[in-house]
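Some notes on the structure that comes next.
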Amino acid sequence: MLEVNYIKENKNAVLKSLKKKNFPAEEFDILDRIIDLDNRRKKAQASLDVILGQIKSISNEVGTLFKSGKGAEANELKEKVKGLKESSSSLQDEQKQVKTELEDLLLQVPNITNEIVPEGNSEDDNIVSKDWDGDLPDLGENAIPHWELAKKYNIFDLELGVKLTGAGFPVYIGKGAKLQRALINFFLDEGEKAGYTEYEVPILVNADSARGTGALPDKEGQMYHVVKDEFYLIPTAEVPLTNIYRDVILKENDFPILLTGFTPCFRREAGSYGAHVRGLNRLHQFDKVEIVQIQHPDKSYETLDKMVAYVQTLLEKLELPFRILTLCGGDTSFASALTYDFEVFSAAQKRWLEVSSVSNFESFQSNRLKLRFKDKNGKTRLAHTLNGSAMALPRIVAALLENNQTENGIKIPKALQPYLDFDILD
RNA sequence: GGAGGAGUGGCAGAGCGGUUGAAUGCACUAGUCUUGAAAACUAGCAUACCUUUACGGGUAUCGGGGGUUCGAAUCCCUCCUCCUCCGCCA
C-alpha cells in the first residue's frame, strides 16, 4: 500500500507506474479520488477535534460544578453537550466511512516500479539480464521428462496424490522423498551460512497476516481458506516470516534483519492443463525455503543484489544451468517494485522453468504491516522489505531429474551428496 | 469442550466514574560530576491523525469492537488472548 502523501507529492510518477503495470486506463482517476477523499478526511478530522474538545472541557466544568454543589448550572451545561454529541457522532460516522473508502482505494493501487523495470505486458517482455553462457545439456533423443522418470524410479506419484487429496498434491516416495529432505536441509544450511536466522512458522495464518503482506485482498481466491476458524493456508513462507515484524518499530541498528524458513506452500490457482503443467511444473502444494530481509530504505537495492547473488550460488552448487530475468512492468507483481526471476533449464522438456523470484517491495508491505524504524533524527519511518525463494523445490527436482539422467540412474550433484546416502538415484 | 481468574506505557505495577496519556520502580537516552567507569543527581523517554513556516496547540488510544453517561482505564455487552482446575489428545 502506498502512502497518501507519497501519491500526492508524486502523482505523475505513480501514474507512470500504473501504466507500466497495465492498470486499466479508465481507472487512472483513482489517484484523484484518493486525494479528494484524504482532503475530506482531514476536514472532518479537524471539525471533529474541535467538537470533541468542547465536549471534553464542558464535561470537566460539569464535574467542577457538581462538586461545588451548583447542580442547576451543571444540568444546564449537560443539555448543551447533548447537541454537540449529536454532531460529533455524525461526524464520526462520516469519518469512518471516508476512511474505509480511502483504504479501499489505496489497496487497489499497485506498488510503483523501479526505474529499470522494462515496459511490457507479459512474460515475453521480460529481459534476460543474465543469460546462461555455458552449454545447455544435450541429452539426445532418448531423454525422458521428469514425470516419466518419476515412474521409472518410483520417485513421486501424482495419481496417488489424487486419491488422497486431488490433482496437484504429489506424493514423494523413497529416494524421491529423501531428495526433498536433502534439498530442504541444503537450502536451510546455506541460508544459515549466509547469515539468515532460521524460523519454523505456522502454515496457517489469520486474516491480519494475510493482509499484511498483500495476499489479502489481492489474491483472496488463490489461497485455501479455513472458513470455520478464519485461517488461510500460506501461499509462501513470506507471509508468516514477514508478519513476524508486523506492528514493530525497529531501531536503525537492527538492520538488516535476515530470516529464512522452510514451509509447504499452498496455491489454489486453477491454471491451465497440458504439457506446461505436467509433472511437478505446477502444483497446489509444494515445498519451499524462503528468504526475507528487512532493511533500511537507503540500502534495500544493495540488499536485493546480494539476495540475487546468493540465490545464484545455490544454483551453481546444484550445477543447474540458469538465467536471470528482470521482470517487465506487466509481469511484476502488484506489491513489488523490482523483481528478478531465476529460471533453470530442464533438459528433457527443453524449457526454462521459474524456480525463484527475488523482489524488493520497498515500503509497500511495511506500510500495511506498520513495520517502521526510528531514524537518526528520531523520526518514525517505514522500513523496506524484500524476499526471495531460495528455493522452490519441485522445478529444481524436475531439472535435476531430467538433466542428470543417465543409463544407470540419476546422478546426484556433489553439494547434495552429504545429505543423502546415495550418489545415484536408481 | 466445561468451570473460574486476568489483560494498563519497553518491563514490573498503581489507579476501579470527574483536568489521568495515566502514580511509582526498573530499563533506555542526554547532561552534570569523574582520568575513565560505577554510583549519585538533573532532564527526557508511546503511537496515530489534525493544525502551525517554526516554537507549539488540539484530538484519539489503558487487549479489539460496541454501549451506558454531561464525563469511562474505571460500569455493561461481545469477541480475542493468557493463567488455574477438569475433560480430551499427538
Side-chain angles (χ1 to χ4, degrees), chain A residues 1-9 34-107 200-212 216 226-232 240 243-255 257 264 363 365-383:
Chain A
M1 191 162 82
L2 294 174
E3 292 173 282
V4 179
N5 284 339
Y6 184 88
I7 294 176
K8 273 187 189 170
E9 284 158 28
I34 284 170
I35 293 169
D36 282 351
L37 277 172
D38 191 56
N39 289 334
R40 269 177 65 194
R41 192 199 102 249
K42 282 184 180 178
K43 253 181 144 173
Q45 176 81 58
S47 9
L48 183 61
D49 283 355
V50 171
I51 292 173
L52 288 177
Q54 284 170 348
I55 293 177
K56 203 172 174 179
S57 69
I58 293 175
S59 295
N60 285 337
E61 251 180 88
V62 171
T64 328
L65 287 173
F66 270 126
K67 266 189 189 162
S68 50
K70 296 175 183 162
E73 285 176 49
N75 283 324
E76 237 171 79
L77 282 178
K78 272 162 80 169
E79 285 308 308
K80 207 169 151 190
V81 175
K82 275 189 183 151
L84 288 171
K85 190 84 190 202
E86 263 171 51
S87 34
S88 83
S89 59
S90 74
L91 267 172
Q92 247 154 2
D93 290 346
E94 189 193 332
Q95 178 84 323
K96 209 181 264 179
Q97 199 200 323
V98 170
K99 270 189 177 165
T100 315
E101 268 178 63
L102 183 60
E103 175 95 358
D104 230 49
L105 291 184
L106 280 171
L107 286 173
E200 184 172 312
V201 290
I203 56 177
L204 271 71
V205 295
N206 58 30
D208 281 342
S209 294
R211 208 172 292 116
L216 280 181
V226 182
V227 177
K228 202 166 177 188
D229 299 290
E230 263 308 307
F231 293 146
Y232 294 85
N243 271 281
I244 290 171
Y245 285 90
R246 170 154 49 84
D247 289 318
V248 168
I249 299 180
L250 299 162
K251 294 192 198 95
E252 198 152 351
N253 59 14
D254 290 333
F255 294 126
I257 291 167
S363 59
Q365 289 185 328
S366 37
N367 191 27
R368 287 195 191 187
L369 292 160
K370 298 282 165 274
L371 163 50
R372 294 164 294 177
F373 71 100
K374 290 239 190 246
D375 71 9
K376 287 191 195 80
N377 307 317
K379 222 183 129 196
T380 310
R381 296 170 57 192
L382 294 172

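Within every chain, numbering begins at 1; the chains are lettered A, B, ... in the order of the sequence lines, protein sequences first and strands thereafter. Not measured: the values here are computed from a predicted model.
- Put simply, A:Lys56 has no side-chain N or O that comes within less than 4.0 Å of OP1 or OP2 on B:G18.
- Spacing between atom CG of A:Asn60 and atom C1' of B:U19 amounts to 5 Å, rounded to whole angstrom units.
- OP1 and OP2 of B:C49 both lie 4.0 Å or more from every side-chain N or O belonging to A:Arg41.
- With a 3.5 Å ceiling on both atom-pair distances, B:C45 lacks any Watson-Crick or G-U wobble partner.
- A donor and an acceptor atom, one from each side chain of A:Ser90 and A:Asp93, are nowhere located under 3.5 Å apart.
- Atoms CD (A:Glu230) and C1' (B:G65) sit 16 Å apart, rounded to a whole Å.
- Atom CZ of A:Phe231 and atom CG of A:Asn206 lie 7.0 Å apart (nearest 0.5 Å).
- A residue-by-residue look at A:Ser47 and A:Ile55 shows that A:Ser47 has its nearest nucleotide of RNA chain B further toward the 5' end.
- Distance noted for atom C1' between B:G5 and B:G10: 26 Å (whole Å).
- Taking 4.5 Å as the limit, some side-chain heavy atom of A:Leu371 sits within range of a side-chain heavy atom of A:Leu250.
- When the C1' atom is compared between B:G21 and B:U35, the two are found 43 Å apart, to the nearest whole Å.
- Note that CD of A:Glu73 and CZ of A:Phe66 are 11.0 Å apart. Values are rounded to the nearest 0.5 Å.
- Looking at heavy-atom distances under 4.0 Å, A:Lys379 makes no contact with the nucleic acid at all.
- Formation of a donor-acceptor pair under 3.5 Å by the A:Arg211 side chain with backbone atoms of A:Arg368 is not found in this model.
- Separation of the P atoms belonging to B:G87 and B:G17 is 40 Å when rounded to the nearest angstrom.
- Between the side chain of A:Asp254 and the main chain of A:Lys251, a donor-acceptor pair closer than 3.5 Å is present.
- Within the nucleic acid shown, A:Leu52 comes within 4.0 Å of sugar-phosphate atoms alone, with no base atom in reach, counting heavy atoms only.
- Across all strands shown, the partner of B:C75 is B:G67, judged by Watson-Crick or G-U wobble contacts whose two distances both fall under 3.5 Å.
- Here the separation of B:C77 from B:G2, taken at their C1' atoms, is 22 Å to the nearest Å.
- Using a 4.0 Å heavy-atom cutoff across all strands shown, A:Leu48 reaches no nucleic acid atom at all.
- A:Gln54 has its CD atom 20 Å from the P atom of B:G57, to the nearest Å.
- Looking at residues 77-85 of chain A, you'll see A:Lys78, A:Val81, A:Lys85 sit with a heavy atom under 4.0 Å from some atom of RNA chain B.
- Under the 3.5 Å distance criterion, the side-chain polar atoms of A:Ser88 are left unmatched by any main-chain donor or acceptor of A:Ile51.
- Here B:A12 sits opposite B:U24 as a Watson-Crick or G-U wobble pair (both hydrogen-bonding atom distances under 3.5 Å).
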